[in-house]
Amino acid sequence: MTGKAYLVGAGPGRADLITVRGLTVLRQADAVIYDRLIAASLLDEAPPHAERIFVGKRPGCHTFRQDGITETLVRLVRAGLQVVRLKGGDPGVFAHLVEEATALAAAGLPFEIVPGVSSALAVPLHAGIPLTWRGVASAFTVVSGHEVTPDGCSGVSWALLAASPTLVVLMALGRLEQVCAHLIAAGRDPATPAALISRGASCDQRLLLATLAALPAYQQNAQLPPPAVLVVGEVAKLASALAWFDPMSVATEPMLWEER
Ligand SMILES: C[S@@+](CC[C@H](N)C(=O)[O-])C[C@H]1O[C@@H](n2cnc3c(N)ncnc32)[C@H](O)[C@@H]1O
């Protein structure tokens, strides 16, 4: 039997944000390679015989190296298995998709990419914040808070980021203070609405709303846990008016984000 890899987005938070296609291939998997930021109950969707391989971070342990993950994926597909590589959100957004898909292609192995609902869009939306708003914000930029330098973030200058109508920062907690300070120094109004959404689309969702200038101090006090998404822009002020999501309405289920 010919093996095949499925690089699948699980969506953020609640298990039922995975796509129908994602669930279909998960239910046919011989092996699932998964990391954190997914709902643990999704693993129950794989057949009983499927091997479940965790490759996320565990407290006090070494992170799995990306090349080790890629090697495992290639080895299992080469052995003839249907392998689902399950990733939080969308597999094409800050998720090492290129490394894994390139290795599969180089090995001549078939693969399919199953898009997912990215936290960049769905987490703000679960806090009542759409990324665009007719007449107010007609563009958005998504960057990684792990890629902060004095010159910019994710290779984009602070001046351009400060000018983006809506700015979304993933992996936002570690450098929150620097991100907000750089944006203000680059010309963004310190009074711009800003939102920090922690553990979005889940029963643990929490939200901080403040101005761009005040948000780091609020977070210092509140200590919202990771993972979190930062949204900067006028759209953030919709959070109160459009609040629709009740975290208590989602089944309390184990999430894998405890393992940072
Ligand atoms: C390595 S990136 C992966 C992004 C993912 N591929 C996606 O499309 O959502 C991890 C970051 O995604 C964001 N994230 C993922 N799930 C989240 C959630 N349920 N609530 C808040 N942020 C989340 C956080 O900013 C986290 O640090």
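Please read all numbers here as calculations on a predicted model, not as lab measurements. Positions are given from 1 along the sequence. Ligands are counted one by one from 1 in listed order, and the atoms in each one are counted from 1 as well.
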(request) Indicate yes or no for a side-chain donor-acceptor contact from Asp30 to the backbone of Gln82 under 3.5 Å, with no hydrogens or angles considered. (result) yes
(request) Without swapping roles, check the side chain of Gln220 against the backbone of Pro216 for a donor-acceptor pair under 3.5 Å. (result) no
(request) Mark up the atoms of ligand 1 that fall under 4.0 Å of a heavy atom belonging to Gly13, in ascending order. (result) 19 (N)
(request) Decide if atom CZ of Phe94 counts as having more than 12 heavy atoms of other residues, nucleotides or ligands within a radius under 6.0 Å. (result) yes
(request) Would you mind listing which atoms of ligand 1 come within a distance below 4.0 Å of any non-hydrogen atom of Phe94? (result) 1 (C), 2 (S), 3 (C)
(request) Number the atoms of ligand 1 from 1 as they appear, then name those within less than 4.0 Å of a heavy atom of Pro227, with their elements. (result) 14 (N), 17 (C), 18 (C), 20 (N), 21 (C), 22 (N), 23 (C), 24 (C), 26 (C)
(request) Could you tell me whether ligand 1 has any atom less than 4.0 Å away from a heavy atom of Lys87? (result) no
(request) Find the distance between CG (Leu208) and CG (Leu224) and round it off to the nearest 0.5 Å. (result) 4.0 Å
(message) Taking 4.0 Å as the limit for heavy-atom contacts, which would you say applies to Val93 with ligand 1: side chain only, backbone only, both, or neither?
(response) both
(message) Counting only nitrogen or oxygen atoms and a 3.5 angstrom limit, does Gly200 reach ligand 1?
(response) yes
(message) Which residue is it: Thr19, Val84, Leu26, Asp90? I am looking for the one with a side-chain contact (heavy atoms from CB on, under 4.5 Å) to Val114.
(response) Thr19
(request) Kindly say whether Pro226 contributes a backbone atom to a donor-acceptor pair with the side chain of Arg199 at under 3.5 angstrom? (result) yes
(request) Just jot down the ligand 1 atoms closer than 4.0 angstrom to any heavy atom of Asp90, in number order. (result) 6 (N), 7 (C), 8 (O)
(request) For Val123, take its heavy atoms, then give the atoms of ligand 1 lying under 4.0 Å from any of them. (result) 18 (C), 20 (N), 21 (C)
(message) Quiz question: by atom type and distance under 3.5 Å, do the side chains of Gln219 and Glu177 form a donor-acceptor pair?
(response) no
(message) Test of understanding: given a 4.0 Å heavy-atom threshold, classify the contact between Leu170 and ligand 1 as side chain, backbone, both, or neither.
(response) both
(message) Looking at ligand 1, would Ala201 count as a contact under a 4.0 Å heavy-atom criterion?
(response) no
(request) Have a look at Pro225, Ser118, Ala228 and point out the one with the heavy atom closest to atom 25 (O) of ligand 1. (result) Ala228
(message) If the cut-off is 4.0 Å to any non-hydrogen atom of Leu37, which atoms of ligand 1 fall inside it?
(response) 10 (C), 15 (C)
(message) With a heavy-atom distance limit of 4.0 Å, tell me whether Arg199 approaches ligand 1 through its side chain, its backbone, both, or neither.
(response) backbone
(message) I'd like to know whether ligand 1 has Gly88 as a neighbour, heavy-atom separation below 4.0 Å.
(response) yes
(message) I'd like to know if the side chain of Ser164 and the backbone of Leu161 have a donor-acceptor N/O pair within less than 3.5 Å.
(response) no
(request) Under 4.0 Å from a heavy atom of Met171: give me the atoms of ligand 1 that qualify, with their elements. (result) 1 (C), 2 (S), 11 (C), 24 (C), 25 (O), 26 (C), 27 (O)
(request) Keeping the roles fixed (side chain from Ser198, backbone from Arg206), state whether a donor-acceptor pair exists under 3.5 Å. (result) no
(message) Between Ser144 (side chain only) and Ser154 (backbone N and O only), is there a donor and an acceptor less than 3.5 Å apart?
(response) no
